[in-house]
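All values reported here derive from a predicted model rather than from experimental measurement.
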Amino acid sequence: MQILEIHEPGETPLPHAEDRRPAVGIDLGTTNSLVALSQDQKPEVLCDPDGSAMVPSVVAYSGTGEVLVGEAARRHLLEEPDLVVSSIKRLMGRGPEDLKRLAGSLPFELEPAEDGRMVRLRIGERRLTPVEISADILRALKARAERALGREIGQAVITVPAYFDDAARTATRDAARLAGLEVLRLVNEPTAAALAYGLDQGAEGLYAIYDLGGGTFDVSILRLEKGVFQVLATGGDAALGGDDFDHAIAERFLAERARQLGAETLSVAATKQALVTARLAKECLTDRTQGEWVLDLDGRTSRHRLDAGSFEALVAPLVERTIATAKRVLFDARLKPQDVRGVVMVGGSTRVPLVRRKVAELFGREPLANIDPDQVVALGAALQAEALTHGSDTLLLDVTPLSLGIETMGGLVEKVIHRNSTIPVARAQEFTTYQDGQSAMLIHVVQGEREMARQNRSLARFELRGIPPMVAGAARIRVSFAVDADGLLTVSAEEKTTGVAAHVEVKPSYGLTEEEMAAMLRESMEHAREDMEARLLAEARVSADRVLLALRGALRADGGLLDAAERQTIDAAVAKLERSKEGEDRGAIQDAIEELDHATQDFAARRMDRNIAAALKGVSVDQLGRKTGSGE
Amino acid sequence: MSEERAEKGGSAGSMRDCWSCGTTVAVRAPFCHACGVIQAPQPVDHFTRLNLPARFDLQRADIERQYFGLQRYFHPDRFAAKPARERALSSQHATDLNEAYEVVKDPLRRAEYLLALMGRPVQGDACSTISDPRVLLEAMEMREELAEAQSAAEIESIVARVEAECEAVLDEVADAFAREAFDLAGRHCIRLRYLTRLAAEAHERRARLEA
Ligand SMILES: Nc1ncnc2c1ncn2[C@@H]1O[C@H](COP(=O)(O)OP(=O)(O)OP(=O)(O)O)[C@@H](O)[C@H]1O
Ligand SMILES: [Mg+2]
Ligand SMILES: [Zn+2]
């Protein structure tokens, strides 16, 4: 027997003290994103100055060039729906083909894209890829962390749904790069949750993580033992989440509406509004048994009742799908539900009572909820970021969620790496030519479990050229797949008999090309190099414009809510802002904005109440009454 | 990926230069004793890779202890803050360890691999290579039974039976190895192979039935 010579125990490859810089963990969610930092294995979510931990994954692009992220952007969702993007994660790594399938169900205006190109969204005058929009969210999170910690952040662990395919993972990594973040590792969301949970609760044994968020569903089975977090199997659906519950409700409301008001063609903006109302209804029905909601779209209103029973009937098929997936994953791990010691619930949609009931039913035990389902993923990411930069005793062994293979004769798939293989993993397979004298071979890499290549996700097409002339079947083409610890695939191919250096060309099916990436990076670099002060001044003017613009619209619509004296105060503040905007003093502009903001607060509150009242009618009448009462 | 070369132990005395500092180090040393930097993995068999004796009789717990213990040293998570070349080397080590673990932890694959190491590879892997008529008959009957099974309960009972059968054959494989009856071990492996495949198919059918 051979002895492995591990020299000098003190020389274990842990990072040195001087490498220590804070690296954050980021949960880049469909609906909400969070950033957290761990020190001495104590992870904490970094909040904004007013104490909120979650950043809504919403980006607003104003006509004037300003980009708002989070709560600020969400406030514009109803006012300027055309300029506001939400749930962008659902488009990460998606190609035009996928979108044709989803067409009509997404509240996005898409630029017609050629096949094999990345899709772009039409937002006002801009044409942006999902990667750029996600980068804007990541920039905001980076800024939040830097503000909270008072120092620059360069590195992050970013979580992705376990079931994300290669294209979506690559897109996430590209987005981080655009945002100026070095990705230390992409960690699967349920694995991050298990890490936070296991370390926090000292859990040992087999655990199931059930993560149903806004846009994605994952379920993983892990074995936790003496600091080892070993994923045994994972499964999920990268396009199933609370958004789909919202869609189901919105569709029902819109169908009712069509019966009430006759058929109509709704604008994208109106669709977004319907979805917001649907989400409100859904979240209300977690604590209530029924309610009534009002849709005020394109100038016409309709009323809709919904009770918990009908809601459950609407979403039952979706919940059933998650249960079927969970069973499948148990099968893959060769386990029975009762083998699992605990079920950890992650994600906002696990608050839906039907989801809890169904999961409890499957596993025959109540799911665990002793750690915040909204934060657990970010906390785990932060722990892993600390482990990667400062060293750690825990070992995280994850798997690849989907099989990887290549297309062979007749459009069939030959699997090279099977799903649930522990990563990093590498495997090679030999193929041959099927025509005499064939000098090139197209290698089509696919990901998925189906038998036919076209039923699976197409990842890349390679051409292996320069194969010397041989009879059919004589060439030995060795195709090697390697999946790294981020779950990212690299493929190479080589002709073995001749040793002739063969030429390999990679064309990512949906990714950004290197040139596109370079151009985007250049753009963002130039942005950074601009004179800071000049930029801040420009930004202040832009903010002023947008405040004025929004206010004018509001006054036009709801000016009647103001009495003469109030109107006068506001007009004075407007005049002051307009004056300072012409000057060069950024501080003065900001002061004037603040002053105007202050002067219009009551007005804004009254408008808000009115809008909410319209949306909430019948749901919380008493509460509403109290609010308007205090406003007048 | 390293080649699955069956040379045992390698040439014990061979040395190489550390790619990072140039110091002469033993080829088998995964870290340079002078600078501590990780070295390229060597093409060794899966048992050597896990620092386990090349034999069939291994306990699951021992295999796991070796695998986890080594991954703690080599996993890319330990090298995230290191230069690219060290990260790449760690990834190669971890990949090799994962591959070795996959083979060694699975008794059937372990047995077949061991026989191949000894220069007695078990014949081809298709069903058609079952030459023992009794085994062939058994295989056909079981398959028919599975094809006819309709309910989850029926399939469940087939799974249970096949799995019990697998256990029994495994005992025979272990016994054959213990007595150094390698040809016999090889024949048991063939039977175990189709039983395992049958169990997987039955399992799969049950999964689909439930979905
Ligand atoms: N009380 C509630 N009842 C029902 N659903 C809720 C409730 N609270 C939040 N949700 C839903 O949870 C979803 C958001 O959950 P979460 O923040 O975990 O998602 P995410 O992490 O952004 O998404 P993903 O993990 O899929 O990328 C939304 O669809 C939201 O409507
Ligand atoms: Mg989430
Ligand atoms: Zn050295």
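- Ser392(A) contributes atom OG, which lies 11.5 Å from atom NE2 of His75(B) (distance to the nearest 0.5 angstrom).
- Residue Phe47(B): no heavy atom, backbone or side chain, is found under 4.5 Å from chain A.
- A 6.0 Å sphere centred on CD of Gln59(B) holds no more than 12 heavy atoms belonging to other residues, nucleotides or ligands.
- Remark: Arg223(A) CZ to Glu64(B) CD distance equals 4.0 Å, nearest 0.5 Å.
- Distance check, rounded to the nearest 0.5 Å: CZ of Phe331(A) to CD of Glu204(B) gives 9.0 Å.
- Note that CZ of Phe68(B) and NZ of Lys226(A) are 9.0 Å apart. Values are rounded to the nearest 0.5 Å.
- Of the possible polar contacts, one joining the Asn98(B) side chain to the Pro424(A) backbone as a donor-acceptor pair under 3.5 Å is found.
- A distance of 10.0 Å separates CG in Asp484(A) from CZ in Arg87(B), rounded to the nearest 0.5 Å.
- Residue-environment remark: CD (Glu449(A)) exceeds the threshold of 12 foreign heavy atoms within 6.0 Å.
- Between Tyr67(B) and Val228(A) there is no side-chain heavy-atom pair separated by less than 4.5 Å.
- Near-neighbour residues of residues 394-402 of chain A relative to chain B, defined by a heavy atom under 4.5 Å from a heavy atom of that chain, comprise Thr394(A), Leu395(A), Leu396(A), Leu397(A).
- Under a 3.5 Å cut-off, the side chain of Arg185(A) and the backbone N or O of Pro76(B) do form a donor-acceptor pair.
- The distance from atom CD of Glu163(B) to atom CZ of Arg334(A), rounded to the nearest 0.5 Å, is 5.5 Å.
- Closest of all the heavy-atom pairs between Ala80(B) and Leu184(A) is O-CD2, 4.2 Å.
- Counting heavy-atom neighbours within 6.0 Å of Glu152(A) CD, excluding the residue itself, gives a total of 12 or less.
- Summarising the local packing, CD of Glu451(A) is surrounded by 12 or fewer heavy atoms from other residues, nucleotides or ligands at distances under 6.0 Å.
- Both the backbone and the side chain of Ala200(B) come within contact range of chain A, judged by heavy atoms closer than 4.5 Å.
- Ranked by heavy-atom pairs under 4.5 Å with chain A, the first of His203(B), Glu102(B), Glu86(B) is His203(B).
- Of the two parts of Gln384(A), only the side chain, counted from C-beta on, holds a non-hydrogen atom closer than 4.5 Å to a non-hydrogen atom of chain B.
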